[in-house]
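This report concerns only the one structure given below.
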Amino acid sequence: SQTIHQWPATLVQPVGSPLSLECTVEGTSNPNLYWYRQAAGRGLQLLFYSVGIGQISSEVPQNLSASRPQDRQFILSSKKLLLSDSGFYLCAWSPRGHRENTQYFGPGTRLTVL
Amino acid sequence: QKEVEQNSGPLSVPEGAIASLNCTYSDRVSQSFFWYRQYSGKSPELIMSIYSNGDKEDGRFTAQLNKASQYVSLLIRDSQPSDSATYLCAVNVYSGNTPLVFGKGTRLSVIA
């Protein structure tokens with residue numbers, strides 16, 4: 001069966017510090033991968049998605065970036081965090097090329113920027 | 001702009017009642033439809049998917065799809081306090097690799 005991991009689970013960072021969040025998927029090959037952010041009490045905001053190694057689509061212009069160095073690894077980064085970057089960061093995967101494109105979420109990383 | 005609309009709630013129902021959650025979507029070519037449940041502080045989990053017009057039942061959950069009206073709903077029978085959560089509707093507008101479009105969710109509160 002497929003499993004999706006995210007770490008760290010929680011993170012408290014000062015404004016202006018760098019960020020690196022990691023997501024890995026087990027039990028499948030060539031997944032589509034997604035990064036979402038959910039601000040407190042708000043809906044899901046799609047940040048990036050990837051259909052393959054090195055292929056990243058950005059949905060929202062901001063100070064975040066994403067990379068996919070390996071087939072089942074997706075990394076979210078920032079060089080300098082802003083207060084507004086606080087939120088719940090969710091990684092998700094879906095099977096490549098499936099018509100339905102069902103998405104499955106990881107456990108999330110709760111980021112607080114102070 | 002592809003949109004998925006949900007009433008934000010809260011929707012309060014007594015324990016044992018039927019909870020009805022509704023969702024409308026803007027794009028007629030939408031292919032697949034999903035309901036996710038999100039408990040406070042947790043990530044969304046898939047509870048139902050539906051692809052064809054009509055009803056699909058899974059235990060206490062029934063998803064209903066009406067493509068002509070661009071409407072999808074989720075019924076929860078015999079609601080329990082453990083069903084209290086935010087329910088997210090999601091739509092796959094195109095086949096294949098494009099991301100789902102999510103609604104903002106409806107918060108359900110089941111009162112014991």
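Just so it is clear: chains get the letters A, B, ... in the order the sequence lines come, proteins before strands, and each one is counted from 1. When reading the values below, keep in mind they use all heavy atoms of this one structure, side chains included, and skip hydrogens, waters and symmetry mates.
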**OP:** Please flag which part of Y36(B) lies under 4.5 Å from any non-hydrogen atom of chain A: side chain, backbone, both or neither.
**Re:** side chain

Original post:
Is it the side chain or the backbone of E45(B) that comes within 4.5 Å of chain A heavy atoms, both, or neither?
Top reply: neither

Original post:
Partners of P14(A) by side chain to side chain contact (heavy atoms under 4.5 Å, CB included), sequence neighbours excluded?
Top reply: S17(A)

**OP:** Check side chain to side chain contact (heavy atoms under 4.5 Å, CB included) between N53(B) and all other residues, then give those that pass, not counting sequence neighbours.
**Re:** L65(B), K67(B)

Within one Ile-Leu-Val-Met-Phe-Trp-Tyr cluster: [X] and [Y], side-chain cutoff 4.5 Å:
X: I4(A); Y: I75(A); answer: no
X: Y25(B); Y: L75(B); answer: no
X: Y89(A); Y: L11(A); answer: yes
X: I47(B); Y: V72(B); answer: yes
X: L83(A); Y: L64(A); answer: yes

**OP:** Check whether any side-chain heavy atom of Q103(A) lies under 4.5 Å from a side-chain heavy atom of P99(B), and answer yes or no.
**Re:** yes

**OP:** Keeping the roles fixed (side chain from N92(B), backbone from T102(A)), state whether a donor-acceptor pair exists under 3.5 Å.
**Re:** no

Original post:
Hey, does the side chain of S43(B) reach the backbone of G106(A) with a donor-acceptor pair shorter than 3.5 angstrom?
Top reply: yes

Original post:
If you count heavy-atom pairs under 4.5 Å with chain A, which of L100(B), V101(B), L88(B) comes out on top?
Top reply: L100(B)

Original post:
Taking every heavy-atom pair that is under 4.5 Å apart, which of P44(B), G105(B), S49(B) has the most such pairs with chain A?
Top reply: P44(B)

Original post:
Looking at CZ of F105(A) and NZ of K42(B), how far apart are the two atoms once the value is rounded to the nearest 0.5 Å?
Top reply: 16.0 Å

Original post:
Is there any residue in residues 67-74 of chain A with a non-hydrogen atom under 4.5 Å from a non-hydrogen atom of chain B, and which ones are they?
Top reply: none

Subject >> Contact listing (chain B partner; residues 35-57 of chain A; heavy atom under 4.5 Å) >> reply: Y36(A), Q38(A), G43(A), L44(A), L46(A), Y49(A), V51(A)

Subject >> CZ/R96(A): more than 12 non-hydrogen atoms of other groups inside 6.0 Å >> reply: yes

Subject >> Exercise: identify the closest heavy-atom pair between Y104(A) and L46(B) >> reply: CE2-CD2, 4.0 Å

